[in-house]
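The next block holds one structure in the form of structure tokens; read it before the comments.
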Amino acid sequence: MAKEIKIDAITDMETDFAQWYTDVVKKAELIDYSSVRGCMILRPYGYAIWELIQKELDSKFKQTGHQNVYMPMFIPESLLQKEKDHVEGFAPECAVVTIGGQEQLTERLIVRPTSETLFCDHYANIIESYRDLPKLYNQWCSVVRWEKTTRPFLRTLEFLWQEGHTAHATAEDAEEETIKMLNIYADFFENVLAIPVIKGKKTEREKFSGAMATYAIESMMHDGKALQGGTSHNFGDGFAKAFGIQYTDKNNKLEYVHQTSWGVSTRMIGGIIMVHGDNNGLCLPPNIAPIQLIIIPVAMHKEGVLEKARNIKEQLSSIARVEIDETDKTPGWKYSEAEMKGIPLRLEIGPRDIENNQCVLVRRDTREKYIVSLSNLENEVSGLLIKIQKDLYDKAKKHLDENIVTAKNMEELENIFSVKNVFVKAMYCGDEACEIEIKEKIAVTSRCMPFEFEEISTKCVCCGKEAKNMVVWGKSY
RNA sequence: CUGGGUGUGGCGUAGUUUGGUAGCGCGCUUGCUUCGGGAGUAAGAGGUCGCAAGUUCAAAUCUUGUCACCCAGACCA
């Protein structure tokens with residue numbers, strides 16, 4: 001069993017979770033701070049994770065018939081103002097361009113905080129007939145929101161994301177699309193990121209500006225706080241009416257389209273860190289790890305060691321993403337480095353191993369060591385990668401399950417959150433006043449109304465009136 | 001935006017109360033010895049003390065302003 005060593009550069013998560021997070025983000029070389037307030041530099045290792053996320057999701061989008069497009073990054077102010085709720089929701093956090101070249105612009109340009117209005121404007125131009133529907137578009141881009149305070153990945157002024165925007169003939173089609181995309185996100189979180197999620201609908205108060213209904217997946221971080229992973233909105237025909245997106249149906253009748261939008265962002269990477277990471281640093285699920293196995297040659301100046309390491313890389317390259325650390329650091333240094341970067345498997349190979357036709361495999365998540373014959377390496381490696389992926393999910397699921405409790409009244413709710421951050425299931429009458437009261441008194445918000453309904457009681461946790469919705473409450477990032 | 005904290009070589013810091021011209025650890029460079037959990041040794045390089053004004057013979061230190069980052073709130077993917 002591996003000896004415990006202390007990596008002094010990373011603050012213990014029990015001591016200061018926020019500081020731990022910042023340390024991991026920096027020490028794992030995911031990002032660097034930039035000279036612009038609230039903006040981060042995604043370094044190669046951090047960007048590689050994003051590229052894998054893109055690759056996985058993009059293929060899912062393509063499989064379900066979506067096409068990628070690219071919209072401009074500027075939105076004329078008048079366009080943003082067409083949908084009332086939407087502009088009210090986003091106006092306070094917009095960056096605005098007022099000068100182009102040396103000239104004052106006649107109309108101000110908003111740097112996109114999201115692109116609904118641009119898609120709508122375009123859809124109004126290209127949709128005429130039921131034959132033009134559905135339109136299933138997606139774009140990968142960055143958006144800008146002038147946030148008050150920022151944290152790497154979780155909240156930055158500019159962030160990378162994908163936004164799907166679709167237009168459908170009927171309300172049913174739009175609702176089906178909304179749920180379909182939510183499920184794609186949920187599967188991605190659980191199977192690729194190894195993050196268990198709660199799927200549900202947002203309350204009126206928490207839904208997207210301009211949406212008829214917002215659905216979301218919520219996940220629990222190691223400190224018990226919630227992170228909204230992905231959202232999927234059903235716009236109904238609200239935007240269509242504001243932008244005049246109409247088509248002629250089979251009966252020669254003019255109808256409004258029904259729209260959806262859905263997105264996930266680099267915030268997910270923050271989720272990966274806070275769900276799987278530990279006091280030794282990042283811990284990546286194999287399915288999203290840019291390097292799945294790192295080979296560390298021991299005594300690599302000795303005859304044959306480096307050659308053997310390179311042979312092994314070749315041998316394993318078809319079943320895993322493999323790198324060798326050939327730097328002239330000492331092995332102990334390399335072990336720690338590999339752990340901070342969360343590389344799922346480490347392979348140690350030295351003169352003694354070569355004599356015995358073996359090597360040492362070490363799991364990042366449990367730090368268990370295995371002595372493995374080189375003749376059976378492929379099987380061992382692929383088996384372990386699968387097992388690590390599964391174990392990380394199971395561990396996160398256990399943490400989630402153990403930290404969901406129920407409350408029947410305000411006193412219970414208050415007592416629970418006075419001890420620690422968890423998810424609390426409680427009934428909700430639907431009146432926004434109750435949601436506001438809970439937020440003011442306990443500083444928690446409604447995360448979602450889960451699809452998996454449980455009748456905790458028949459009365460609202462806040463006002464005690466008749467209640468039929470169950471809400472998951474929690475403190476959110 | 002509100003409240004608290006911090007800015008000194010790449011990183012972490014001492015020095016600030018009581019002004020006197022910047023010290024330490026890590027890292028970096030080169031050589032030699034090392035290499036199975038953050039190696040040893042020798043020699044070296046690297047700092048307009050966040051930025052800008054001001055006070056002073058003299059400012060990292062005092063004054064004012066400003067910027068950035070961190071933490072806790074309010075807002076959000």
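Here is the naming used below: chain letters follow the sequence lines, and residue numbers restart at 1 for every chain.
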Hey, is the side chain of [X] pairing donor to acceptor with the base of [N] inside 3.5 Å?
X      : N     : result
A:E339 : B:G37 : yes
A:T330 : B:A39 : no
A:T149 : B:A74 : yes

Base, sugar-phosphate, or nothing: which does [X] touch, judged by heavy atoms less than 4.0 Å apart?
X      : answer
A:R151 : sugar-phosphate
A:T266 : nothing
A:G38  : sugar-phosphate
A:R112 : nothing

To the nearest Å, give me how far apart [atom1] ([X]) and [atom2] ([N]) are.
X      : N     : atom1 : atom2 : answer
A:E147 : B:C76 : CD    : C1'   : 5 Å
A:R267 : B:A77 : CZ    : C1'   : 5 Å
A:R155 : B:A72 : CZ    : P     : 10 Å
A:K27  : B:G38 : NZ    : C1'   : 10 Å
A:Y21  : B:C69 : OH    : P     : 15 Å
A:K308 : B:G36 : NZ    : C1'   : 18 Å
A:W146 : B:C76 : CH2   : P     : 19 Å

Considering only the C1' atoms, how many Å lie between B:C28 and B:G12, rounded to the nearest integer?
15 Å
Rounded P spacing from B:A22 to B:G31 in Å
32 Å
Does the cation-pi check pass for [X] over [Y], that is, NZ or CZ under 6.0 Å from the six-membered ring centre and within 45° of its axis?
X      : Y      : value
A:R447 : A:F423 : no
A:R112 : A:W161 : no
A:K341 : A:Y45  : yes

Among the candidates B:A74, B:C71, B:C76, find the nucleotide nearest to the side-chain atoms of A:A18.
B:C71
Can you tell me which nucleotide in B:A77, B:G38, B:C76 comes closest to the side chain of A:Q228?
B:A77
When rounded to the nearest 0.5 angstrom, what distance separates CG in A:D365 from NE2 in A:H276?
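So the CG of A:D365 and the NE2 of A:H276 are separated by 10.0 Å.
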Planes under 30° and centres closer than 5.5 Å, is that true for A:W161 with the base of B:A77?
no
